Amino acid sequence: MEDLPDAEIPPSDVPPRYHTGRLPNSKVGDGKPRLLLMGQRRSGKSSISSVVFHKLPPSETLYLETTTRIKKESMHSFMDFQVWDLPGHLDYTDPTWDIDVIFGEIGALIWVIDAQDEYLEAIGRLNDTILKLQERYPDINVEVFVHKVDGLSEDYKSDTFRDIIQRVQDELSDNGYENAPVSFYQTSIYDHSIFEAFSKVIQKLIPQLPTLEALLNSLCSTCRIEKAYLFDIMSKIYIATDTSPTDIGSYEICSDYIDVVIDVSEIYGWDRPSENGSSEITETGNNDAESLITMERKGNNYLYLREINKYLALICLMGDDSPAEKKAVIDYNVGVFQAALNQVFPRAEREQLLSPE
């Protein structure tokens, strides 16, 4: 792991399909990737944003008002990005709209479809949006959240999901747009599926993802770790994991563990100062993290958690063949991983990215 050149991004002839927030035709130039939440009215866009980024209990989303204007929010974490919640009743493909203002620095277009409602109109508007944006942004990644699946039976849930995928792909193909970069997820705010989906979306915005995966693979093989996640503490989104298969069960265990960490750290942990009286969290770079190391047995697995910096935490799942007696060796190797991560995200590079042009 100490041989960092081996962990660099491997060469590839295929151009990556992500935006880093600085597009050639950008008018904003603020360097913050933008997540656009779009879809029909009452599809659940505001509920998703409130649960994932503001920790609103899902039961309280019933009282959210319908979005009538574009809501813009800046999220300050390991990567600064914006979340725009767009009202469902407006047609943004109308010529009177300046699409460069809305889509100029797009990181991901997240289209939310209510699986419990009639979705043919939603699919039609989604495809119209994709086809019009494809002319100007041919490499745009579109993420489709088939939402509110918690209210459907297992059989009907699968049938609905397959039907939506088939209808979207068939209509795009009929219009000459083959192999469109559209991804589909089944989501609900009442379980961990919405966080899992957002994790996949955010990972596409991180150019250093192959390097992070290589570092985590190296850590897992060295310490005989079954699964390792690098979590954003505030949102419970994991920005990287090793390349071994991911199952929702292991993610749920680690996500619940993050909740405990947040509750404890709010009382005893980081002083998260506000700037100029603002409630927004400010980024100060990759400082050394507060010392929080724990190894706990959960069923047949050991859980190992360590804060990497102010916003990131490493959580590892280990079996009985990785007992707590090896904790000193694991601590050392995680320290090496932490040093490598600080080189992948150096402070000088972050300050350059975040400085105004």
Side-chain angles (χ1 to χ4, degrees), residues 32-37 39 43-67 71-85 107-108 110 112 143 145 147-150 185-203 205 229-241 248 250-275 277-284 289-290 292 294 303 305 307-315:
K32 295 181 180 180
R34 183 178 301 158
L35 305 181
L36 297 186
L37 285 170
S43 60
K45 304 184 298 297
S46 298
S47 299
I48 290 173
S49 177
S50 299
V51 169
V52 175
F53 299 109
H54 299 289
K55 296 184 66 64
L56 184 72
S59 58
E60 295 185 15
T61 59
L62 299 172
Y63 307 106
L64 291 176
E65 297 181 356
T66 301
T67 302
K71 293 174 61 177
K72 305 176 183 179
E73 297 178 304
S74 293
M75 302 298 167
H76 302 288
S77 185
F78 74 99
M79 175 181 71
D80 288 350
F81 58 93
Q82 296 178 324
V83 179
W84 285 23
D85 184 0
I110 301 172
V112 183
E143 319 290 343
F145 286 6
H147 196 49
K148 303 182 183 179
V149 294
D150 54 280
Y185 310 87
Q186 298 184 66
T187 60
S188 169
I189 59 174
Y190 292 98
D191 56 31
H192 294 80
S193 59
I194 190 64
F195 297 97
E196 174 86 9
F198 258 104
S199 298
K200 301 296 185 184
V201 172
I202 292 293
Q203 287 171 24
L205 307 181
Y229 294 92
L230 190 61
F231 269 88
D232 173 48
I233 297 176
M234 300 305 293
S235 65
K236 295 195 298 183
I237 291 172
Y238 67 91
I239 69 167
T241 182
I248 191 68
S250 64
Y251 170 74
E252 288 176 354
I253 293 173
C254 296
S255 180
D256 291 340
Y257 210 42
I258 285 287
D259 280 334
V260 177
V261 172
I262 292 177
D263 292 340
V264 173
S265 63
E266 288 299 320
I267 302 173
Y268 302 106
W270 289 102
D271 178 21
R272 302 179 186 269
S274 299
E275 184 177 10
S278 171
S279 61
E280 291 186 341
I281 300 172
T282 57
E283 169 68 274
T284 58
E290 182 179 74
L292 176 56
T294 181
L303 273 178
L305 182 144
E307 284 186 316
I308 300 299
N309 57 44
K310 182 175 279 193
Y311 297 109
L312 299 178
L314 176 71
I315 301 186

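We use all heavy atoms of the structure for the numbers below, so side chains are in, but hydrogens, waters and symmetry mates are not. All values reported here derive from a predicted model rather than from experimental measurement.
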Is the distance between the ring centroids of Tyr257 and Phe231 under 6.0 Å? no

Side chain to side chain contact (heavy atoms under 4.5 Å, CB included) evaluation trace for Ile194 with Ile48 | CA-CA 8 Å; Ile194 190 64; Ile48 290 173; 3.8 Å; yes

Has the side chain of Thr241 got a donor or acceptor atom that lies under 3.5 Å from a matching backbone atom of Tyr229? no

Exactly one candidate in Ile239, Asp232, Ile233 meets side chain to side chain contact (heavy atoms under 4.5 Å, CB included) with Tyr311; the answer is Asp232

*For Tyr238, does its backbone N or O pair with a side-chain atom of Gln203 as donor and acceptor, under 3.5 Å?*
yes

Taken in chain and number order and not counting sequence neighbours, the residues that satisfy salt bridge (charged side-chain N to carboxylate O under 4.0 Å, His left out) with Glu143 are Lys204

In this structure, OG of Ser47 is separated from OH of Tyr190 (nearest 0.5 Å) by 7.5 Å

Test: Lys55 and Asp259 ion pair at under 4.0 Å
yes

Rounding to 0.5 Å, atoms OG (Ser255) and CD1 (Ile237) come to a distance of 10.5 Å

Side chain to side chain donor-acceptor pair (under 3.5 Å) filter on Ser199, not counting sequence neighbours, yields none

Between Ala313 and Ile258, the two heavy atoms sitting closest are CB-CD1, 4.4 Å

Nearest heavy-atom contact between His192 and Asp256 is NE2-OD1, 3.2 Å

Applying ring-ring contact (aromatic ring centres under 6.0 Å, His included) to Phe195 and not counting sequence neighbours gives none

Any donor and acceptor pair, going by atom type alone, linking the side chain of Ser50 with main-chain N or O of Ser46 inside 3.5 Å?
-> yes

message: Do His147 and Gln186 pair up side chain to side chain, a donor and an acceptor below 3.5 Å, judged on atom types alone?
response: no

